[in-house]
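All remarks here apply to the structure that follows.
Below, chains carry the letters A, B, ... as their sequence lines are ordered, and counting in each starts from 1.
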Protein chains: 2
Amino acid sequence: MNLPPLHQEFVLHFGEMGSRWGINRTVGQIYALLFLSADALNADQITEALGISRSNTSMGLKELQAWQLVRLKHVPGDRKDHFTTPDDLWEIVRILIDERKKREIDPTLTKLRALEMQGPAGDDYSEARISELREMIEMMTEFYEDMARLETEKLVKLMTYGSKIAGLIDKAGGVLPARR
Amino acid sequence: MNLPPLHQEFVLHFGEMGSRWGINRTVGQIYALLFLSADALNADQITEALGISRSNTSMGLKELQAWQLVRLKHVPGDRKDHFTTPDDLWEIVRILIDERKKREIDPTLTKLRALEMQGPAGDDYSEARISELREMIEMMTEFYEDMARLETEKLVKLMTYGSKIAGLIDKAGGVLPARR
DNA sequence: CCGAATTTTCAGTAATTTCTGAAAAAACAG
DNA sequence: CTGTTTTTTCAGAAATTACTGAAAATTCGG
């Protein structure tokens, strides 16, 4: 690996963290490299910078594109594909949450609903536990979807207010009806 | 595996999802089994129900205890250790977020701060990108910590209001100062 | 203490995931 | 089209992770 010290440390860290984030080392490193790079890089540059095989780069880029975390960019006069990460960090966060939700939560929500549909099939306790779990997941995902719908500026405001928001709601009292 | 159909499907699903959640199949299955069980179970019951080895059960329980997702419970008159999951789903969610934050986010935040400390060491672009990332992570984790501090009742209210909250903030106008 | 019951550890094996090199496929300039 | 460049695929090798059985350590009633 042949990179400036700052880039190298960052890339290695993302590689190590990769497995905790549900991606592998190489995928983490490719993402980190592109994240720090002002210009789009082609697959050979990535291969060279990280000291991995060309095919590994190809598979890593494919996975990152499936995650929507890396995009193809055509550089005029160069036949090779070039890759970048989105600039806007808010967009990256949104993508990350959406994709993780899709992979880690949605399948379980589907399964829980299916289990409830099957009708009385276990003891009362476990049935109640499953319903409760489904309701909790629905509440949290709906809240996230509501938040994701806000413009960035309002979201920043809201997050900066922090727990003061709770007070606000008390004050609003009967003014705002609860949803649904 | 010898379980009622509902339990079995639930347990198998959690096992399959385990790898996406950063735990292994066995750990997912043990958790699912305990989650649906009204009573605390001992290690032999778990071993028997899941058809795994006693040592695997021991290691799985150890990991779940490290995650704080499973607790030891002493049953009077029985020498064996018994295990349960916390009843309160809100508590479980809080634990899950806290633990994932600790494993998946905190180490990166620490690393980013260290990289910034080292002083000018890369190009302007990558340094800016690292600061921006650190700031974003700080904002999100501080918001989460603020929310986690609220009582459950207020949190439910807040989540149910959903995106209406943004309107509330606009109305509050200059009344509330932004934090810091 | 002693000894039985219970839990944990750990070396070896099994299973899974990641990575590579070679070959096939696709893209595209002339 | 044709030949070259570029990308993807994929079978096998390498690395990592998960699981087991046996043995060691711990717990605890008597």
Margin query: Would you say the ring centers of B:Y31 and B:W67 fall short of 6.0 Å from each other?
Written below: no

Next item on the list: Return the value, rounded to whole Å, for the distance between atom CG of A:N42 and atom P of C:dA27.
Entry: 18 Å

Next item on the list: Under 4.0 Å from any atom of DNA chain C, heavy atoms only: list the residues of residues 16-27 of chain A that qualify, in numerical order.
Entry: A:N24, A:R25, A:T26

Notebook entry, point to check: Donor-acceptor pair, B:R20 side chain versus A:R103 backbone, under 3.5 Å?
Noted result: yes

Checklist line | Side-chain heavy-atom pair B:K102, B:D98 within 4.5 angstrom cut-off | finding: no

Checklist line | Closest non-hydrogen atom pair between A:K73 and A:A40, with its separation | finding: CD-CB, 4.1 Å

Notebook entry, point to check: Do you see a donor-acceptor pair shorter than 3.5 Å between the side chains of A:H7 and B:D123?
Noted result: yes

Notebook entry, point to check: Taking DNA chain C as the partner, which of residues 44-81 of chain A come within under 4.0 angstrom of it by heavy atom?
Noted result: A:I52, A:S53, A:S55, A:N56, A:M59, A:R79

Check: Taking atom CG of B:L64 and atom CZ of B:R71, what is their separation to the nearest 0.5 Å?
Finding: 12.5 Å

Check: Between the main-chain N or O of B:A121 and the side-chain N or O of B:E127, is there a donor-acceptor pair closer than 3.5 Å?
Finding: yes

Next item on the list: Spell out, as yes or no, whether a donor-acceptor pair under 3.5 Å connects the side chain of B:E99 to the backbone of B:L96.
Entry: no

Check: Axis-to-axis angle across the helix from C:dC1-D:dG30 to C:dG30-D:dC1, five pairs an end, to 10 degrees?
Finding: 30°

Next item on the list: May I ask you to test the B:F35-A:R129 pair for a side-chain heavy-atom distance under 4.5 Å?
Entry: yes

Note to self: Rounded at 0.5 Å granularity, tell me how far CG in B:L33 sits from CE in B:M1.
What the structure shows: 8.5 Å

